[in-house]
Structure formats: structure tokens, C-alpha cells
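See below for the structure under consideration.
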Amino acid sequence: MKLLFCSSNIGKTQEIQYKFGESITIQNLLDIGCTEDIPETADTFAGNALLKARYGYENFNVACFSDDSGLEVTALDNAPGVYSARYAGIPKSDTRNMDKLLFELQGVKNRNACFKTVISYIDSFGNASSFEGKIEGEILEEKRGSQGFGYDPIFLPKGYTKTFAEMNLAEKSNLSHRSIALEKFYSFLLKNS
Ligand code: IMP
């Protein structure tokens, strides 16, 4: 089975392909020559996920899915949230996003945060479904590790001693917000295809 993933994010694509193994082949927008940065104008993860999946379905007329995700930091009233990718402005930069977050949290004791994902799937008949995942953790005072993407070097999942960026794909894939949502999505695909 082949599925279009409505994203150009290579880190996310690798995690999803790893999780699905050989049973499902993921093509992202770059793989099909689409360089569009789909505007994310909704104010919820679910809204943006649906918007990106609809873009894929309407433009390429195939079953497709998208993932909208982000980091919510308790002491910052759940910012950056849906603005996680462009927290420090455009062009998007993981390094500048992390630096801005560390700056905002200087001297702040409550470092609680969580990652959330909503996956939106539109089947070949145009029916939409969604799947959610969440993981709690804390924001460190400095970056650790070089794997992964986004805020991984400063996110320590609750109950673990390694940041997401110190984990390999298999380790992150056992516990991440995206993998929780993907497991729900995968069971849905098995039942419905
Ligand atoms: P999206 O493309 O709008 O869903 O952007 C999500 C943004 O949230 C990414 O660009 C990252 O900055 C952040 N993010 C989402 N998931 C993760 C993750 O697993 N690790 C680190 N950062 C993430």
C-alpha cells in the first residue's frame, strides 16, 4: 500500500516510514515534486491537520494523510503550540526556535511541557478521520543530542534520562506523541482496507 503524506518534513517522514515498516510506503510532497508550503491558518492541531490533508486530496486526488504537531509549554500558556514550527519567525529554523524557547524560560522553575500530534486521514472516497497522540515531559536548560528534529534536543520525556535527540529512531518511536497517533492510525487502516 502507498500513501501520500502531505508534508515536506523529512524528520517526520522518516519516523512515520520507520513505524509503518514495509507494509505501507510513504511518499511525502517532496517525493512527488510538490514544494508548496501549505498555509496553516487554523488555530488547532486538528484544524491544521485537516487543512493539509484536504490540500493533498484536492490537488492529487488520492488517499492521503497529514500530521500537525507541536510543543505546549505550561509556563508559557501552552505556547508555542500550533506555532511551533515558526516560533522564531520565517524562515523556519529549529535552532532559532529552541534558542527563543530557552530564552523565554530563563529562570522559570516550571519546565513542564508536552508534545501533541493530530493525524488527519482522507480516504480515496473523501472520508476524513483523525488520530491523536500526546507525551509529557520537561524542557531542559540546554540542548542535548543530535538526532531527530525540531525541539528534540531540549525535550526530556517523563520517566526517561535521554532527550528525544539522544534517542535513535527505534527508541523515540517506542514512546513519541507521533508514534501513539500512528499506532491508532495503523489499526484503523488494517480494519478498513
Ligand atoms: P507542523 O509541520 O506544523 O506540524 O510543525 C510541527 C513543529 O513542531 C515542527 O516543526 C517542530 O518544531 C515541532 N515538533 C513536532 N513534532 C516534533 C518532534 O517529534 N520533535 C521535535 N519537534 C517536534
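Residue numbers start at 1 and run along the sequence shown. Whatever order the structure lists them in is the order used to number ligands and atoms, beginning at 1.
- Listed by atom number, the atoms of ligand 1 under 4.0 Å from D68 heavy atoms are 1 (P), 3 (O), 4 (O).
- Distances from atom 6 (C) of ligand 1 to the heavy atoms of S8, G11, P153, S69 show the closest one on S69.
- Within ligand 1, the atoms closer than 4.0 Å to a non-hydrogen atom of G70 are 8 (O), numbered from 1 in the order shown.
- Against a heavy-atom cut-off of under 4.0 Å, E40 is close to the following atoms of ligand 1: 2 (O), 3 (O).
- Close approach of ligand 1 to D152 (heavy-atom distance below 4.0 Å) involves ligand atoms 18 (C), 19 (O), 20 (N), 21 (C).
- Under the 4.5 Å side-chain heavy-atom criterion for ILVMFWY residues, a single connected hydrophobic cluster contains both L71 and L102.
- Between the side chains of S69 and D67, at least one donor N or O lies within less than 3.5 Å of an accepting N or O.
- Distances from atom 22 (N) of ligand 1 to the heavy atoms of F164, F45, F155, Y151 show the closest one on Y151.
- Side-chain atoms of S66 and Y55 form no donor-acceptor pair, as typed in the model, at a separation below 3.5 Å.
- The environment of E36 atom CD is dense: over 12 non-hydrogen atoms of other residues, nucleotides or ligands sit within 6.0 angstrom.
- Contacts between K52 and ligand 1 below 4.0 angstrom, taking non-hydrogen atoms only, involve the side chain exclusively.
- For ligand 1, the polar-atom distance check finds no N/O of D94 at less than 3.5 Å from any of the ligand's N/O atoms.
- Of all the heavy atoms of K172, the ones lying under 4.0 Å from any atom of ligand 1 belong exclusively to the side chain.
- An N or O contact shorter than 3.5 Å is missing between E15 and ligand 1 by distance.
- The closest approach between any non-hydrogen atom of H177 and ligand 1 is below 4.0 Å.
- At a heavy-atom distance under 4.0 Å, no atom of Y87 approaches ligand 1.
- Atoms of ligand 1 lying under 4.0 Å from any heavy atom of F115, numbered from 1 in the order shown and given with element: 14 (N), 17 (C), 20 (N), 21 (C), 22 (N), 23 (C).
- Between H177 and F115, the ring-plane angle classifies as parallel under the 30° and 60° cut-offs.
- Considering backbone and side-chain atoms together, N9 places no N or O closer than 3.5 Å to any N or O of ligand 1.
- With a 6.0 Å cutoff to the six-membered ring centre and a 45° limit on the axis angle, K100 counts as a cation-pi contact of Y87.
- For atom 2 (O) of ligand 1, the nearest non-hydrogen atom of the protein is K12 NZ, 3.0 Å.
- Within 6.0 Å of atom CG in D77, 12 or fewer heavy atoms from other residues, nucleotides or ligands are found, so the atom counts as exposed in its surroundings.
- Judged by distance alone, the side chains of T13 and N28 do bring a donor and an acceptor atom under 3.5 Å apart.
- Salt bridge status for D99 with K143: present, with a side-chain N to carboxylate O gap under 4.0 Å.
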